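Atoms considered below: every heavy atom in the structure, side chains included; atoms not considered: hydrogens, waters and symmetry mates. Positions are given from 1 along the sequence. Being a predicted model, the structure only gives us computed values, none of them experimental.
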Amino acid sequence: QVHLVESGGGLVQPGDSLKLSCTFSGGTFRTYYFAWFRQSPGKEREFVAWVGGGTRYADSVKDRFTISRDNDKNTVFLQMDSLKPEDTGVYSCAAATYYSRPVSSPQSFNYWGQGTQVTVSS
C-alpha cells in the first residue's frame, strides 16, 4: 500500500524560505506522478505544483516555489521562497498511478499524505 509522509512545515516570517519533503513508500516511486496541494481554513483544497516528466505550477506560486523529485531517495520536495502570509495552510503531498488531466485537480490523484502545517506570519 502506498504511503506518503510530509515533513518540513513550520512557522516562518514573510520573505522567508521553507523546504517541504514527501517520503514515498509501497510502490515503484519513479512510475508515479506527484503534486502538492494546500488548504486553508474555510477554503477549498488548492493546487500548488505537479511533477512528472516536467513540472506545473499554480500562478500564485510560479517563480517562488520549486517542485522536484529524487528517484533514488523516493522523495518529492517543495522549495518555497519569498513566502507570503497567503501561503499559509496545510500542505499535502499527492501521488497518482497514471497521468490524468487536469493535474491541478485533486481527483487526478489516488493517494494522499496527512499534510504538514505552514504558517507565514510576522
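- Counting only residues at least two apart or in different chains, ring-ring contact (aromatic ring centres under 6.0 Å, His included) contacts with residues 71-104 comprise Y33-Y99, W50-Y99.
- Distance check, rounded to the nearest 0.5 Å: CZ of R69 to OG1 of T55 gives 11.5 Å.
- In terms of modelled atom types and a separation under 3.5 Å, the side chain of Q79 and the main chain of T66 share no donor-acceptor contact.
- Under a hydrophobic clustering in which Ile, Leu, Val, Met, Phe, Trp and Tyr are joined whenever their side-chain heavy atoms come within less than 4.5 Å, directly or via other members, V103 and Y111 fall into different clusters.
- One hydrophobic cluster, built from ILVMFWY side chains closer than 4.5 Å, holds both V118 and F34.
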Under 3.5 Å, side-chain donor or acceptor atoms of residues 10-32 against the rest of the protein: list the pairs with distances, not counting sequence neighbours.
{"residue": "D16", "atom": "OD2", "partner": "Q13", "partner atom": "N", "Å": "3.0"}
{"residue": "S17", "atom": "OG", "partner": "D81", "partner atom": "OD1", "Å": "2.8"}
{"residue": "T31", "atom": "OG1", "partner": "T28", "partner atom": "O", "Å": "2.7"}

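- Taken from CD in Q39 to CD in Q117, the straight-line distance is 11.0 Å, to the nearest 0.5 Å.
- When the side chains of ILVMFWY residues are joined at heavy-atom separations under 4.5 Å, either directly or via intervening members, V120 and V90 end up in two distinct hydrophobic clusters.
- When all heavy atoms are compared, the tightest approach of P106 to R45 is CG-CD, 4.2 Å.
- Remark: D87 does not engage K84 in a salt bridge, criterion side-chain N to carboxylate O under 4.0 Å.
- Looking at every heavy atom in both residues, S60 comes nearest to R64 through O-NH2, 2.9 Å.
- Closest of all the heavy-atom pairs between S100 and S108 is O-OG, 3.6 Å.
- With S92 contributing its side chain and F37 its backbone, the two residues share no donor-acceptor pair below 3.5 Å.
- The closest donor-acceptor contact from the side chain of R56 to the backbone of G52 lies at 3.5 Å or more, if one exists at all.
- A side-chain donor-acceptor contact under 3.5 Å links E6 to the backbone of Q114.
- Within 6.0 Å of CG on N71 lie more than 12 heavy atoms contributed by other residues, nucleotides or ligands.
- Under a hydrophobic-cluster definition in which Ile, Leu, Val, Met, Phe, Trp and Tyr are linked whenever side-chain heavy atoms come within less than 4.5 Å, directly or via other members, W36 and Y57 are assigned to the same cluster.
- Of all non-hydrogen atoms in G9 and T116, the two that sit nearest each other are N-OG1, 3.2 Å.
- Contact check for V2 versus W112: no side-chain heavy atoms found under the 4.5 Å cut-off.
- Residues V61 and R38 are in side-chain contact: their nearest non-hydrogen atoms beyond the backbone lie under 4.5 Å apart.
- In the hydrophobic clustering of this structure, F47 does not group with I67; members are Ile, Leu, Val, Met, Phe, Trp, Tyr whose side-chain heavy atoms approach within less than 4.5 Å, directly or through other members.
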